[in-house]
There are 2 protein chains.
Amino acid sequence: MPKRTDLFESDPDDTREAIMKATYDALSKHGYADLTIQRIGDEFDKSKSLLYHHYDSKDALLVDFLGFMLERMEGTIPLEEAAAADDRLRVGFDHVFAEILDGDREQFNRAMTELRAQSAHDDSFREQFTRNDRYFESRVQDIIEEGIQQGIFREVDAEQVASMLVTIIQGATFQATTSTEPDLDAVRTELDAYIESRLLDDD
Amino acid sequence: MPKRTDLFESDPDDTREAIMKATYDALSKHGYADLTIQRIGDEFDKSKSLLYHHYDSKDALLVDFLGFMLERMEGTIPLEEAAAADDRLRVGFDHVFAEILDGDREQFNRAMTELRAQSAHDDSFREQFTRNDRYFESRVQDIIEEGIQQGIFREVDAEQVASMLVTIIQGATFQATTSTEPDLDAVRTELDAYIESRLLDDD
DNA sequence: AGTCGGTGATTGAATATTCAGTCAACAATG
DNA sequence: CATTGTTGACTGAATATTCAATCACCGACT
């Protein structure tokens with residue numbers, strides 16, 4: 001098994017996927033502000049003109065790219081149904097924090113942050129991220145509700161707690177990508193303390 | 001008192017301040033990706049060339065602008081020494097959430113988010129935001145330590161809790177500016193629940 | 001089997017636009 | 001007069017986008 005980003009085939013068959021990978025590489029390398037069609041073309045083994053054969057504009061390409069990325073991200077979240085709710089929560093957060101801290105993903109994470117920041121002035125971006133958030137939040141909410149039914153968690157407002165948890169993840173990601181020396185270990189530890197003191201029903 | 005953003009004089013005497021305001025307006029209107037010297041000049045009642053009389057480059061202008069913004073932000077955080085620690089915490093968060101939710105500040109918040117996102121690929125930006133975070137986090141940490149000494153709070157790791165609180169604020173801000181329908185009321189309510197269950201020493 | 005016609009993929013060069021930065025000149029002010 | 005503020009026109013480098021022209025393949029027709 002070759003070492004590579006787990007988001008892409010080593011040799012993408014599909015043209016679209018090849019374009020997505022080229023965009024990903026260019027975005028990681030140069031950042032959103034310096035992302036040009038030329039640079040995407042440079043990471044692409046076909047000509048840059050070909051990009052316009054598949055997309056109407058740079059903007060259309062980027063919108064498609066964002067959808068592609070978010071879809072893949074949703075695909076990577078762990079979904080074991082087996083364990084107890086509190087364990088599922090912890091496993092999920094372990095996964096998320098591992099991704100945030102993974103040095104190999106640093107550039108990707110930064111790129112996602114930049115992409116998301118575009119939502120501030122781009123509605124189509126904003127809608128996509130909002131949908132992604134909703135999906136993610138629902139998964140968390142499910143786990144919390146399950147935990148309540150299992151008698152493991154207190155009878156909290158599951159939606160409200162899920163909102164908070166997603167906000168924390170978002171804040172941690174944002175900090176990790178835009179701050180030097182963010183103390184994410186502290187946040188992770190405190191997150192467990194939060195779950196313990198707020199959710200766990202110790203009887 | 002004329003209605004306006006509280007960040008600027010209605011008629012800035014200082015040229016620098018006028019440039020800052022023009023930059024702010026251009027950034028709010030077009031977003032960081034489409035922020036050009038031309039557009040800053042358009043919001044400026046003097047010519048765009050004059051900008052180069054005051055700054056060596058667009059980059060230098062933007063760096064100065066960021067410093068200007070962060071300075072103003074630090075100036076607006078409330079610092080009453082009087083009350084009990086838990087009240088000070090709540091007052092502080094009320095202030096922050098009011099700013100996040102204030103419709104008049106929406107553009108400002110978005111502008112800050114976009115600026116911060118630039119830190120992903122710009123070191124000088126990142127350093128400035130990191131310094132700002134540190135300052136903010138210290139204030140929160142002070143309050144928590146004070147609360148512990150007052151016997152109001154449990155003997156938690158103040159630095160760790162402060163990290164979490166800053167992360168939550170950051171996440172809330174990020175969501176407010178990049179998501180449609182973010183449920184910030186839920187986050188605010190849950191934040192109180194967190195403080196209650198994790199910090200408050202009920203004896 | 002072999003040829004013809006069509007279709008989508010692909011390319012390199014050309015075009016039109018945008019943008020940061022410069023400059024020489026003009027205006028105001030002391 | 002000298003200094004400082006101010007301007008509009010200008011430039012060269014990028015950048016997005018277009019376009020005319022190949023190329024590779026495939027199905028139909030003889």
Side-chain angles (χ1 to χ4, degrees), chain A residues 8-9 11-68 111 114-115 117-118 121-125, chain B residues 9 11-68 111 114-115 117-118 120-125:
Chain A
F8 293 99
E9 307 286 329
D11 188 19
D13 41 344
D14 206 49
T15 303
R16 175 176 116 106
E17 193 156 332
I19 294 177
M20 296 294 98
K21 174 159 169 49
T23 306
Y24 173 87
D25 288 340
L27 181 57
S28 297
K29 199 177 283 183
H30 306 287
Y32 185 87
D34 295 323
L35 181 64
T36 70
I37 287 283
Q38 179 64 56
R39 291 196 162 109
I40 295 173
D42 289 347
E43 305 294 325
F44 191 32
D45 66 339
K46 309 292 174 61
S47 156
K48 108 189 169 190
S49 320
L50 184 56
L51 300 174
Y52 284 96
H53 185 68
H54 291 276
Y55 295 96
D56 285 343
S57 66
K58 181 190 178 188
D59 218 59
L61 193 162
L62 258 31
V63 168
D64 188 44
F65 174 74
L66 178 58
F68 176 84
E114 292 195 284
L115 236 31
Q118 299 310 313
H121 284 88
D122 186 319
D123 289 341
S124 58
F125 274 33
Chain B
E9 307 287 327
D11 188 20
D13 40 346
D14 208 51
T15 303
R16 171 174 182 257
E17 193 154 334
I19 293 178
M20 296 292 99
K21 175 162 169 47
T23 306
Y24 172 84
D25 288 340
L27 178 58
S28 299
K29 198 176 285 181
H30 306 287
Y32 189 87
D34 295 323
L35 182 64
T36 69
I37 288 281
Q38 180 62 58
R39 294 213 235 260
I40 295 174
D42 289 347
E43 304 294 326
F44 191 34
D45 67 338
K46 307 294 174 59
S47 152
K48 125 195 164 185
S49 314
L50 189 56
L51 298 174
Y52 284 98
H53 188 69
H54 292 274
Y55 295 96
D56 286 343
S57 66
K58 181 191 180 189
D59 219 58
L61 192 162
L62 259 31
V63 167
D64 188 44
F65 175 71
L66 177 58
F68 176 85
E114 291 199 284
L115 278 178
Q118 298 313 310
H121 284 87
D122 186 318
D123 288 342
S124 60
F125 274 34

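Just the heavy atoms: all of them, side chains too, but no hydrogens, waters or symmetry mates, feed the values below. None of the values given here were measured: they were computed from a predicted structure. Residue numbers start from 1 in every chain, and the chains themselves are labelled A, B, ... in the order their sequence lines are given, proteins ahead of strands.
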Legend entry - N or O in side chain of H53(A) less than 4.0 angstrom from dT10(C) OP1/OP2: no
Legend entry - Distance below 4.0 Å between Y52(A) side-chain N/O and dT17(D) OP1 or OP2: yes
Legend entry - Between NZ on residue K29(B) and CG on residue L35(B), distance to nearest 0.5 Å: 12.0 Å
Inset, instruction - Nearest whole angstrom, please: distance from the P of dT10(C) to the CD1 of I19(A). - result: 8 Å
Inset, instruction - With the side chain of K46(A) defined as its heavy atoms from C-beta on, choose the nearest nucleotide among dA20(C), dT18(D), dT11(C). - result: dT11(C)
Inset, instruction - Provide, to the nearest angstrom, the distance between the NE2 atom belonging to H30(B) and the C1' atom belonging to dC19(C). - result: 14 Å
Inset, instruction - Please name the pair of heavy atoms, one in A18(B) and one in F44(B), separated by the smallest distance, quoted to 0.1 Å. - result: CB-CE1, 3.9 Å
Legend entry - Length of the CG-C1' vector between L50(B) and dA27(C), whole Å: 13 Å
Inset, instruction - Kindly state which residues belonging to residues 32-42 of chain B come within less than 4.0 angstrom of DNA chain D, counting heavy atoms of the residue only, listed by number. - result: none
Legend entry - F68(B) side chain near K21(B) side chain, heavy-atom distance below 4.5 Å: no
Legend entry - Result of checking L66(B), L62(B), D64(B) against T23(B) for side chain to side chain contact (heavy atoms under 4.5 Å, CB included): L62(B)
Inset, instruction - Measure from the side-chain heavy atoms of K58(B) and tell me the nearest of dA9(C), dT17(D), dG21(C). - result: dG21(C)
Legend entry - Atom pair distance, as rounded to whole Å: CG in L51(B) and P in dC19(C): 15 Å
Inset, instruction - Taking atom NZ of K58(B) as the centre, report whether more than 12 heavy atoms of other residues, nucleotides or ligands fall under 6.0 Å from it. - result: yes
Legend entry - Set of residues satisfying side chain to side chain donor-acceptor pair (under 3.5 Å) with respect to S57(A), sequence neighbours excluded: none
Inset, instruction - Would you please test T36(B) and D34(B) for side chain to side chain donor-acceptor pair (under 3.5 Å) and show each step? - result: CA-CA 6 Å; T36(B) 69; D34(B) 295 323; over 6 Å; no
Legend entry - D25(A) backbone acceptor or donor facing E43(A) side chain under 3.5 Å: no
Legend entry - Nucleotide dG5(D), atom C1' - distance to CZ of F44(B) in whole Å: 11 Å
Taking only N/O atoms, report every protein-nucleotides 8-11 of chain D pair under 3.5 Å with atom names and distance.
| from | atom 1 | to | atom 2 | distance (Å) |
| --- | --- | --- | --- | --- |
| dG8(D) | N7 | S49(B) | OG | 3.1 |
| dG8(D) | O6 | S49(B) | OG | 2.5 |

Inset, instruction - Examine distances only and state if a side-chain atom of H121(A) and a backbone atom of A111(B) form a donor-acceptor pair shorter than 3.5 Å. - result: no
Inset, instruction - Round to a whole Å and report the spacing from NE2 of H54(A) to P of dG8(C). - result: 12 Å
